[in-house]
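Right, one structure below, let's go through it.
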Amino acid sequence: MSESPVGPILQSRYDPSGIEPALYRRWLDRGAFHVEASDAEDPYVIAIPPPNVTAALHMGHGLNNTIQDVLVRFERMRGRDAMWIPGTDHAGIATQNVVERQLQKDGLTRQDLGREAFVERVWEWVDTYGNTIIEQLKTIGCSCDWERTRFTLDPGLSRAVREVFVLLYEKGLIYRGNYIINWCPRCHTALSNEEAEHQEVEGRLWHIRYPLADDSDRWITVATTRPETMLGDTAVAVNPADESNADLVGREVELPLTGRRLPIVADEFVDPEFGSGFVKVTPAHDPNDFEIGRRHGLTELNIMHGDGTLNENAPEAYRGLDRFEARDRIVADLENAGLLEKVDRHEHAVGHCYRCGTIVEPRLSLQWFVQMKPLAEPALAAFRAGELRFHPERFGATYEHWMTSVRDWCISRQLWWGHRIPVWYCRDAGCGEIAVSREDVDSCPTCGGQVEQDPDVLDTWFSSWLWPFSTLGWPDETEDVRTFYPTSTLSTAPEILFFWVARMVMAGIEFRGELPFTDVLLHGTVRDAQGRRMSKSLGNGIDPLQVVEMFGADAMRYTLVSAAALGTDLQLDHEDLESSFRVGRNFANKIWNVARFALGYLSADDVARDPRTLELELADRWILARLSAATRTVTDGLTKFRLHEAAEAAYHFVWSEFAAGYVELVKPRLRGDRGEKSRDAAAATLATVMDGWLRLLHPIMPFITEELFCHMPGRSSEDSLLCGPWPEFVPDELDAEAESAIEALRDVVSAVLNLRSEYSIDPGRRIDLVLVDPPPALVAALDAESEGLTMLARLENLETVIASPEGEPGAHAVLQTGGEIFLPLRDVIDLDREKQRLVAELDRLSSLLSAARGKLENSGFLERAPVEVVEREREKAMSLEQRYERLLEKKAAFGLD
RNA sequence: GGGGCGGUAGCUCAGCUGGCUAGAGCGCUGCGUUCACAUCGCAGAAGUCGGGGGUUCAAGUCCCUCCCGCCCCACCA
């Protein structure tokens, strides 16, 4: 595509809609985001948290990816080889669910299609819709290295998954066994502990009588929150220290509704103080009971099908009933039999499937597990050694807690969409070989007989935890892996700290011997105006694409970054996008217009010249110094992941100091009112400072800054600030003299405008100003900028005197930066009004003054506070005192006592 | 049950290691449009920094305690 010449920028309203897509295309055409390993000397790498392939961009993505883009662009401008690797996650359950729902519309199930056809169908879906979110990321400006886009089910990543499975198996860290796992009866699969979300639920505690087998007049009472599981009871337990019930141990009860006999066993687990002191033991449906069962060699009786209906192990009357129907039926039957002693209300936390919200069923099941302790130990050690840093820091504690109490990870899923478990079983029961292999296995390696692959797939996170290196070609020792691993920063939402972040650390250390990243940035949650999480079901989400369309990507990015202070949530109003994103939109418009103004006065020479080689005036020195200060603040903020501070500093500099301050001051000079030399200095300064803040803002607002950068005379669309350089902070460029002079000048302007407003002086009217006893900084400013003052304060005459004119009616103000101003306005000054003003101001000063004096009279303060602090306090007191005295004189002089 | 976070202007929030007269944006009030921008400008009002106690020369900031929200983790049935 041909580079279009840069056109004029005429419109006073910034319209990003044409600019942003064109620029993005230009960047892509230049391959500006691609980094070759061979060229990367100082890589800065971010691996994107791969969004689910089913996902459409929401504000959470908008925020997270803006943050990453800001960091990547910043480091790219700083001269590093910044590489941001993008991609998507196959999201086992979520994606399978989407396609199953689609089938459902045609009245079909995945079983109707069969495994192979179903998986093919999912691939079709992925091929059609899977790129959606990738394209959306481009719209918001993400500078990912798209040539490296990966998918967790790509052949390469699949190979990594297999490699890891085999390695862990060979190391004895992967095992298969029958344990209680969290089962989702809707998704028909096992879940990990992390995938079961616990929510407080108001439930019931049913107290049920189990009669003694040999004495039906006696019974013991057990309490349960899940009465239907009684059908799977195989014992009743009591605490061995519970003396009142000691005689019962070894005897039997008859399980109601079934007639089965259950032994009474003694087990430490039972808390004699809770409930009745007896626990029904259901080893196949409760983790504690499972443990008790193993200790006592109890039968493990699974009473449910995968869909949560009761199976053949339940009495006939209940078979086929859903677990909750069965619960109601059983409770009713117990009541009829007179065995229901009482029902209490009971608050408890119940696990829900993180994908579909169904109540999870703890269920005995044959699954594959990863033993986590050996992986967690080095991951914990690395954190404790300070090699892994969280921002905000507090998440370190959360990480530490999880790592120390981590349980084994159930990795098999009874799904069809995902990485197939690389395990083959020999069909010959006599042989019993289990082959775990990197390559597909066709026949039994031991007996040569037929084999069958494990039907299950792996937890999605079993591929995600390898993301920082599987995306780079591992297990091959590629140049990419060597160059780009470890990555630098990981930015993500706190929700997936355990799912993903913690596991990536473990995998990184285990398989690459090195942490996958050094800094983890956990951003806040995007909420609506009422503070609720944004969610599909509440319909309170905001579509980032709509925001981009309405206000532009830059406006959205600026708004998000400035609203997201480190570690805090941010609120946006989905019903009023205009008010939510106004800040960013207005800022973009301000940038556009101040640039439009500047460009109207600049020539290519101005842009090319270094202002420091010219005869600079005070205002020029001032704004250059302020740019340096802003450079320091912005750089600091970005370096410390305090993005909102960087955003705010840049905003303030551009708006208040550059546009409202400098530009207003130099307008006459730019028009040539003070001669060629002065104009040149102003123009060169204007260009340099503008160039500087365009750079400072580029990571946050890449489009508008690039556009304006290319519009600067002497530049074209061939130019770009993508690769910097980033402005460097040079302490010598600060200029205390110029800064205090201009500050004094701005103080005068404010004070005059204040009085004008107080006395409702017609804005068009030019008035006289008398400056009384101006301090040196102000004198310096007046030498250079008296015209500026005259213009900004809208003055007729400006007079400087040593002593205040006596007896003349007018308005007074004492300046904070020293000196006083006097407006001789006999026609509008009302003596009473003036008196009120003076008295109010005197009051204010007097209380400040006595506070300062109080400190200085305090010997403890003088002795213990650092010298600078005391000195500062002294200066403050002196200045307050002077101002106070001056005001008092005014009051006296006017007979205003 | 364990751990964490938050309570600062009407609203949303900054205020990092204690130290200038506690800030910003929005909103509000008043005034203002030839001359980059009304998606603008100027000026202004508005805060017992959740309550109480303590440490300190000095506390929004550190400690204790209480109150009010929120979040995470947890196998007491």
Side-chain angles (χ1 to χ4, degrees), chain A residues 12-14 180 198 205 222-226 229 237 269-271 273-276 278-282 286-291 346 348-349 362 392 394-395 397-398 401-402 405 407 494-495 497-498 525 529 531 551 555 559 562-573 578-580 582-583 585-601 640 642 644-645 648 651-652 659-660 663-664 667 671 749-750 753-758 760-764 792 816 844-845 847-848 851-852 855 858-866 868-870 872-873 875-876 880:
Chain A
S12 67
R13 283 182 174 219
Y14 174 54
I180 300 280
H198 289 270
L205 191 58
V222 298
T224 180
T225 53
R226 295 190 294 150
T229 63
F269 168 77
V270 182
D271 176 359
E273 306 300 316
F274 186 90
S276 59
F278 291 97
V279 174
K280 62 189 272 305
V281 183
T282 321
D286 183 280
N288 295 314
D289 295 6
F290 175 78
E291 296 295 330
H346 186 69
H348 62 145
R394 71 184 127 90
F395 285 106
T398 314
H401 178 254
W402 187 81
S405 58
R407 283 175 292 160
E495 296 94 276
L497 188 58
F498 309 134
T525 305
F551 313 113
T559 304
S562 68
L566 187 58
T568 67
D569 292 350
L570 61 158
Q571 290 199 338
L572 298 169
D573 188 346
E578 143 91 24
S579 89
S580 295
R582 186 183 291 148
V583 184
R585 181 202 57 184
N586 291 359
F587 186 38
N589 197 60
K590 171 58 79 173
I591 290 170
W592 183 253
N593 277 294
V594 78
R596 232 158 48 88
F597 168 81
L599 294 179
Y601 288 96
K640 294 178 180 161
R642 301 177 74 90
H644 88 279
E645 283 183 9
E648 222 162 71
Y651 180 97
H652 179 258
V663 164
E664 291 307 328
K667 275 177 178 173
R671 285 191 291 258
V749 173
S750 264
L753 294 178
N754 180 350
L755 288 178
R756 295 184 68 123
S757 177
E758 289 260 353
S760 305
I761 294 161
D762 178 1
L792 295 172
Q816 197 166 335
R844 203 178 67 89
L845 289 178
S847 61
L848 290 174
K855 278 193 186 178
N858 181 339
S859 59
F861 176 71
L862 296 174
E863 284 159 26
R864 304 200 193 190
E868 324 75 90
V869 175
V870 175
R872 228 180 298 152
E873 202 60 33
E875 279 166 20
K876 183 172 99 186
L880 284 168

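Computed from a prediction, not measured in an experiment: that's the story for all the values here. Side chains are part of it too, since the values below use all heavy atoms of this structure and drop only hydrogens, waters and symmetry mates. Residue numbering restarts at 1 for every chain, and letters A, B, ... go by the order of the sequence lines.
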Would you mind classifying the nucleic acid contact of [X] as base, sugar-phosphate or nothing, using non-hydrogen atoms under 4.0 angstrom?
X      : answer
A:H652 : nothing
A:A865 : base
A:N858 : sugar-phosphate
A:P866 : base
A:L753 : sugar-phosphate
A:A852 : nothing

Nearest to the side chain of [X], heavy atoms from C-beta on, is which of [options]?
X      : options                : answer
A:F861 : B:rA74, B:rC13, B:rG19 : B:rG19
A:Q571 : B:rU12, B:rA77, B:rA14 : B:rU12
A:R642 : B:rG15, B:rG19, B:rA14 : B:rG15

Quiz item: Closest nucleotide of RNA chain B for A:G860 versus for A:L566: which of these residues is on the 5' side?
Solution: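 It is A:L566 whose nearest nucleotide is closer to the 5' end.
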
Self-check item: Residue whose closest nucleotide on RNA chain B lies nearer the 5' end, A:R872 versus A:T568
Solution: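 The residue whose closest nucleotide sits nearer the 5' end is A:T568.
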
Round to a whole Å and report the spacing from [atom1] of [X] to [atom2] of [N].
X      : N      : atom1 : atom2 : answer
A:R407 : B:rC73 : CZ    : P     : 11 Å
A:R844 : B:rA22 : CZ    : P     : 10 Å
A:E758 : B:rA43 : CD    : P     : 12 Å
A:I180 : B:rA77 : CD1   : P     : 15 Å
A:Q816 : B:rC20 : CD    : C1'   : 10 Å
A:H401 : B:rG2  : NE2   : C1'   : 7 Å
A:E273 : B:rA77 : CD    : C1'   : 15 Å
A:E645 : B:rG23 : CD    : C1'   : 13 Å

Practice problem: Can you label the angle between the A:Y651 ring and the A:F587 ring as parallel, tilted or perpendicular, going by 30° and 60°? | Solution: tilted

Exercise. Could you pull out the closest heavy-atom pair between A:W592 and A:S12, with the gap in Å?
Key: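 The pair with the smallest heavy-atom distance is CD1-O, 4.1 Å.
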
Self-check item: A:D762 to A:R756 - nearest heavy-atom pair and separation
Solution: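 Closest heavy-atom pair between A:D762 and A:R756: O-NH2, 3.1 Å.
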
Could you give the distance separating [M] and [N] at their [atom1] atoms, to the nearest angstrom?
N      : M      : atom1 : result
B:rA45 : B:rG10 : C1'   : 12 Å
B:rG1  : B:rC63 : C1'   : 26 Å
B:rG25 : B:rA46 : C1'   : 15 Å
B:rU12 : B:rG52 : C1'   : 29 Å
B:rU61 : B:rG18 : P     : 12 Å
B:rC66 : B:rC13 : P     : 27 Å
B:rG15 : B:rG19 : P     : 13 Å
B:rG51 : B:rC68 : P     : 15 Å

Exercise. Take A:D289 and A:I180, measure what side chain to side chain contact (heavy atoms under 4.5 Å, CB included) needs, and give me the verdict at the end.
Key: CA-CA 10 Å; A:D289 295 6; A:I180 300 280; over 6 Å; no

Quiz item: Can you name the side chain to side chain donor-acceptor pair (under 3.5 Å) partners of A:E578, sequence neighbours left out?
Solution: A:R582, A:R585

Quiz item: Which parts of nucleotides 24-39 of chain B does protein reach within less than 4.0 Å, heavy atoms only, written one letter per nucleotide 5' to 3' as B for base, S for sugar-phosphate only and - for none?
Solution: -SSS---SS---BB-B

Exercise. Just do the side chain to side chain contact (heavy atoms under 4.5 Å, CB included) check on A:R226 and A:D286 with the steps written out, would you?
Key: CA-CA 10 Å; A:R226 295 190 294 150; A:D286 183 280; 3.9 Å; yes

So does [Y] get a backbone contact from the side chain of [X], meaning a donor-acceptor N/O pair under 3.5 Å?
X      : Y      : value
A:S757 : A:L753 : no
A:D573 : A:S580 : no
A:N589 : A:R13  : no

Self-check item: Check against side chain to side chain contact (heavy atoms under 4.5 Å, CB included), A:N858 and A:K855
Solution: CA-CA 5 Å; A:N858 181 339; A:K855 278 193 186 178; 5.5 Å; no

Practice problem: Enter the distance from A:H348:NE2 to A:T225:OG1 here, rounded to the nearest 0.5 Å. | Solution: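 That separation rounds to 5.0 Å.
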
Quiz item: What pattern of brackets, bars and dots sums up RNA chain B from 5' to 3', given Watson-Crick or G-U wobble pairs under 3.5 Å, [ ] for crossing pairs and | for another strand?
Solution: (((((((..((((.....[...)))).(((((.......))))).....(((((..]....))))))))))))....

